[in-house]
Amino acid sequence: MPRFVFPQIIPEFLVFRQSLVERIIKPVWFMLFDTVVSLLALVALTLIPTWWVALISSFVIGCSAAGGVMQLGLTVMSNTFPRAKGRITGIYYTASGLASFTIPVFTAWISQIGIYEIMWFDVLIAGIGVLCSIVVLTLSREKKTIVA
C-alpha cells in the first residue's frame with residue numbers, strides 16, 4: 001500500500017477546483033467564494049497568531065487566493081467586457097505589476113510601525129478584493145438582465 005504524501009494532494013485538489021468551476025459553479029461566484037475564504041483565513045491568522053492557525057490558514061490561503069484566482073479573475077473580466085479583451089488583459093496585468101511593486105514598498109513602511117500592522121494591511125487588501133468581486137458579480141448580473 002503506497003504511503004500518503006501530503007504534497008501529492010495539492011495538485012489533485014486544484015484540478016478538482018478547476019473542474020468545479022467549469023462544470024458546476026459559475027466563475028464569478030467561485031471568484032467571490034475564493035476571496036471571501038482567503039479573507040476569513042487571513043482574519044483568523046491575524047486575530048489568532050498561533051502555529052496551528054498559521055499552518056491551516058496558510059494552506060487555505062494558498063488553495064483559495066493563490067490557486068488560480070488571478071487567471072479566473074481575468075477570465076471573468078474578459079467575459080464581462082467581451083469587446084475589450086485586449087484592453088482588459090492589459091489593465092488587469094498592469095494593475096498586478098503595480099501591486100507587485102507598491103505592496104512591498106507599503107509593507108516596508110508599515111513594518112517600521114510594527115509587523116502586526118502588516119497583517120491588518122493585508123486584511124484590508126483582501127477586503128478590497130472581496131468588494132471588487134462583488135462589483136464584478138453585480139456587473140455580470142446586470143449584463144444578463146440587459147441582454148435577456
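Index from 1, following the sequence.
Linking ILVMFWY residues whenever their side-chain heavy atoms come closer than 4.5 Å, directly or via other members, leaves Ile91 and Val136 in distinct clusters. The hydrophobic cluster containing Ile125 also contains Ile118, counting ILVMFWY residues as joined when their side-chain heavy atoms lie under 4.5 angstrom apart, directly or transitively. Linking Ile, Leu, Val, Met, Phe, Trp and Tyr whenever their side-chain heavy atoms come within less than 4.5 Å leaves Leu39 and Leu131 in two separate clusters. Using a 4.5 Å cut-off between side-chain heavy atoms of Ile, Leu, Val, Met, Phe, Trp and Tyr, with links allowed through other members, Tyr93 and Met31 fall into the same hydrophobic cluster. Each of Ile113 and Leu124 belongs to its own hydrophobic cluster when Ile, Leu, Val, Met, Phe, Trp and Tyr are linked at side-chain heavy-atom distances under 4.5 angstrom.
In Tyr116, the OH atom is crowded: over 12 heavy atoms of neighbouring residues, nucleotides or ligands sit closer than 6.0 Å. Within 6.0 Å of CH2 on Trp120 lie more than 12 heavy atoms contributed by other residues, nucleotides or ligands.
Between Ser78 and Thr89, the closest heavy-atom pair is OG-OG1, 4.4 Å.
Not counting sequence neighbours, Ser38 has no partner by the side-chain hydrogen bond (donor to acceptor under 3.5 Å, both in side chains) test.
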For residues 40-59, tabulate all N or O donor-acceptor pairs below 3.5 Å that involve a side-chain atom, not counting sequence neighbours.
residue : atom : partner : partner atom : Å
Thr46   : OG1  : Leu42   : O            : 2.8
Thr50   : OG1  : Val53   : N            : 3.4
Ser57   : OG   : Val53   : O            : 2.6
Ser58   : OG   : Ala54   : O            : 2.8
Ser58   : OG   : Leu55   : O            : 2.9

Could you list the donor-acceptor pairs under 3.5 angstrom formed by side chains in residues 94-103, with sequence neighbours left out?
residue : atom : partner : partner atom : Å
Thr94   : OG1  : Gly90   : O            : 2.6
Ser100  : OG   : Ser96   : O            : 3.0
Thr102  : OG1  : Leu98   : O            : 2.8

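The distance from the CE atom of Met77 to the OG1 atom of Thr75 is 11.5 Å, given to the nearest 0.5 Å. Put simply, CZ on Phe121 and CD1 on Ile110 are 4.5 Å apart, with the number rounded to the nearest 0.5 Å. Residue Lys85 holds its NZ atom at 10.0 Å from CG of Leu74, rounded to the nearest 0.5 Å. Atom-to-atom distance recorded for Phe33:CZ and Leu72:CG is 12.5 Å, nearest 0.5 angstrom.
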Determine, stepwise, if the pair Ser111 / Thr107 fulfils side-chain contact (heavy atoms from CB on, under 4.5 Å).
CA-CA 6 Å; Ser111 71; Thr107 54; over 6 Å; no
